[in-house]
Amino acid sequence: MLQLFPKTTGLVLVVFLLSCTKSGESGTIQPLFKEPVGALLPGNFPGEVSGIADSYTQPGSIWMIQDSQNGNELLRVNHSGELQEAVALPGSENRDWEDLAIGAGPDPALKYLYIAETGDNASQYSEYAIYRIEEPGAGVTTVQNLVKIRFVYGDGASHNTEAILVDSSSKDIILVTKEKPATIFVLRYPYKTNELNSAVLAGATKLETVTGAAIGGDGKELLLRTYTGIFYWKRNNGESVEAALQREAVSIPPALEPQGEAIAFKTDLKGFYTLSENAGLPVTLRLNYYARN
């Protein structure tokens, strides 16, 4: 069931005005995206979804992952909020999966899913990984062709990262840490799949506590989210993803969520989705959709 999300507070409405553009003909203010509409999720919906990606191979479905102490599998929900069959990922380990991205890979005819094994709340790990798979088609319940891209951070430190993007033009993987400020690292393509890679320090955003990221299928638009905010960039011609993320962002008022973690553009670029963890609370979650104006 689709339900219009409750009105936001006055403070958020002030931010909403900052996320608007002027209409050239009338001079009126028009927001980039409409107020979110929430699809109510069932009571048995997983409560620790940390990353989502809208599906190309199965239109109308969204891929999901959960974070630490959950299964090494891809979950799936349709746009109306109904759970669908999961896909097992043997050969992988869910130490702390924190984001999910979809984009280009070795075969230009395919889309690939990238799972970020990058969570590190205690800054205790010296090595991290990205799992890459071909996006599963209809009827697939197990994926065997999984590739593990192992890496360390180029500054020699441990980092807690909950947001990744894949630039489909360069195939670079951009990692945005959850630190204050949120630091940007880049795994340059081609990455090695049989030895350790190094993620290069590329700058810092003006944000902190970043929990999710998304890039449009055409590579032109970027989103980062925190627990309480959503931030939008449109790339300039020839501008890298990491350079764009260091500029000031347009703020988009989010739906009220208990612990906002995941964000993804719709494949047709007509809007984007957000999803929250339940934060251990007995709450009914919503898959929130922000349609473009």
Sub-3.5 Å donor-acceptor pair from the side chain of Thr57 to the main-chain atoms of Pro136, do we have one?
-> yes
Is a side-chain donor-acceptor pair under 3.5 Å present for Thr141 with Glu85?
-> no
For the pair Leu40 and Thr284, evaluate side-chain contact (heavy atoms from CB on, under 4.5 Å) and give the outcome as yes or no after the intermediate values.
-> CA-CA 7 Å; Leu40 292 175; Thr284 300; 4.2 Å; yes
Close side-chain approach of Thr267 and Pro59, heavy atoms under 4.5 Å = no
4.5 Å side-chain heavy-atom contact, Asn293 and Phe33 = no
Got a second to check how far Glu135's CD is from Tyr114's OH, nearest 0.5 Å?
-> 12.0 Å
Take Arg188 and Asp172 through the test salt bridge (Lys or Arg N to Asp or Glu O under 4.0 Å) and record every step on the way to the result.
-> CA-CA 5 Å; Arg188 301 289 183 195; Asp172 290 345; 3.1 Å; yes
Cluster overlap Val87 with Leu100, hydrophobic side-chain contacts below 4.5 Å = yes
Quick one: list whatever passes side-chain hydrogen bond (donor to acceptor under 3.5 Å, both in side chains) with Ser169, sequence neighbours left out.
-> Asp167
Treat each ILVMFWY residue as a node, draw an edge where side-chain heavy atoms are under 4.5 Å apart, and state whether Leu281 and Val49 are in one component.
-> yes
Output, in order, the C-alpha distance, side-chain angles, deciding distance and verdict of side-chain contact (heavy atoms from CB on, under 4.5 Å) for Ile115 and Ser92.
-> CA-CA 10 Å; Ile115 300 168; Ser92 65; over 6 Å; no
Hey, are Gln58 and Trp63 close enough side-chain-wise for a donor-acceptor pair under 3.5 Å?
-> no
Report yes if the side chains of Ile215 and Val241 come closer than 4.5 Å at any heavy-atom pair, otherwise no.
-> yes
For residues Leu113 and Leu74, determine if any side-chain heavy atom of one lies less than 4.5 Å from a side-chain heavy atom of the other.
-> yes
Taking the six-membered ring of Tyr131, is NZ or CZ of Lys148 closer than 6.0 Å to its centre and within 45° of its axis?
-> no
To the nearest 0.5 Å, what is the distance between CG (Asn44) and CG (Leu41)?
-> 10.0 Å
Any donor-acceptor N/O pair, Trp233 side chain to Leu222 backbone, under 3.5 Å = no
pair Leu165-Leu245: side-chain heavy atoms closer than 4.5 Å | yes
Taking all atoms of both residues into account, what is the closest heavy-atom pair of Ala116 and Ile130, and its distance?
-> CA-CD1, 3.9 Å
side-chain hydrogen bond (donor to acceptor under 3.5 Å, both in side chains) partner of Tyr128, the single match among Asp120, Thr161, Asp96, Thr118 | Asp120
Check the pair Leu207 / Leu224 against side-chain contact (heavy atoms from CB on, under 4.5 Å), numbers first and verdict last.
-> CA-CA 9 Å; Leu207 306 175; Leu224 293 181; 3.9 Å; yes
Closest approach of Gly81 and Ala39, non-hydrogen atoms and distance?
-> N-CB, 4.3 Å
Going by the angle between their ring planes, with limits at 30° and 60°, are Tyr153 and Phe185 parallel, tilted or perpendicular?
-> perpendicular
Any side-chain heavy-atom pair of Pro106 and Tyr112 under 4.5 Å | yes
For Ala262 and Arg225, work out which heavy atoms get closest and say how close.
-> O-NH1, 3.1 Å
Can you tell me how far CG of Asn94 sits from CG of Leu89, rounded to the nearest 0.5 angstrom?
-> 9.5 Å
Say whether, by atom type as modelled, one donor and one acceptor occur between the side chain of Arg76 and the main chain of Met64 under 3.5 angstrom.
-> no
Any donor-acceptor N or O pair under 3.5 Å, side chains Asn160, Asn121 = yes
Thr274 side chain near Ile230 side chain, heavy-atom distance below 4.5 Å | yes
Under 4.5 Å between side-chain heavy atoms, hopping through other hydrophobics if needed: is there a path connecting Tyr191 to Leu110?
-> yes
Side chains of Phe265 and Tyr273 in contact at under 4.5 Å (non-hydrogen atoms) = no
When every non-hydrogen atom of Ile102 is compared with those of Tyr56, the smallest separation belongs to CD1-CD1, 3.6 Å
Please state whether the rings of Phe272 and Tyr290 are parallel, tilted or perpendicular, taking 30° and 60° as the class boundaries.
-> parallel
Residue set satisfying side-chain hydrogen bond (donor to acceptor under 3.5 Å, both in side chains) with Glu261, at least two apart, ordered chain then number -> Gln259
Geometric cation-pi criterion Arg95 and Tyr125, 6.0 Å radius, 45° cone | yes
Counting only N and O atoms by type, is there a donor-acceptor contact under 3.5 Å from the side chain of Gln66 to the main-chain atoms of Glu48?
-> yes
Give the cluster check for Leu146 versus Val166: same hydrophobic cluster or not, with ILVMFWY residues linked at side-chain heavy-atom distances below 4.5 Å.
-> no
Hey, any chance Val200 and Leu175 share a hydrophobic cluster, counting ILVMFWY side chains that come within less than 4.5 Å of each other, even indirectly?
-> no
Test Glu239 against Arg247 for salt bridge (Lys or Arg N to Asp or Glu O under 4.0 Å), laying out the working first.
-> CA-CA 11 Å; Glu239 185 179 38; Arg247 293 193 277 106; 2.9 Å; yes
Measure from the side-chain N and O atoms of Thr211 to the backbone N and O of Gly260, and report whether any donor-acceptor pair falls under 3.5 Å.
-> yes
Can Glu117 and Arg150 be counted as an ion pair, charged N to O under 4.0 angstrom?
-> no
Using distance alone, with no hydrogens and no angle criterion, decide if Asn288 and Glu257 have a side-chain donor and acceptor under 3.5 Å apart.
-> yes
Quick one: do Glu208 and Thr226 satisfy side-chain contact (heavy atoms from CB on, under 4.5 Å)? Show the steps, please.
-> CA-CA 8 Å; Glu208 58 185 52; Thr226 65; over 6 Å; no
Hey, what do you get for CH2 (Trp97) to CD (Glu162), rounding to the nearest 0.5 Å?
-> 15.5 Å
Lys171 atom NZ, over 12 foreign heavy atoms within 6.0 Å = yes
Could you tell me whether a side-chain N or O of Asp67 sits under 3.5 Å from a main-chain N or O of Glu98, the two making a donor and an acceptor?
-> no
Drop me the distance from Leu287's CG to Ile52's CD1, to the nearest 0.5 angstrom.
-> 6.5 Å
Interatomic distance, CG@Asn78 vs CD1@Ile62, rounded to 0.5 Å, equals 8.5 Å
Answer yes or no: are there more than 12 heavy-atom neighbours, outside Gln124 itself, under 6.0 Å from its atom CD?
-> yes
At their closest point, which heavy atom of Lys266 faces which heavy atom of Tyr289, and how far apart are they?
-> CD-OH, 3.4 Å
Closest heavy-atom pair and its distance - Ala182, Thr177 = CB-O, 3.2 Å
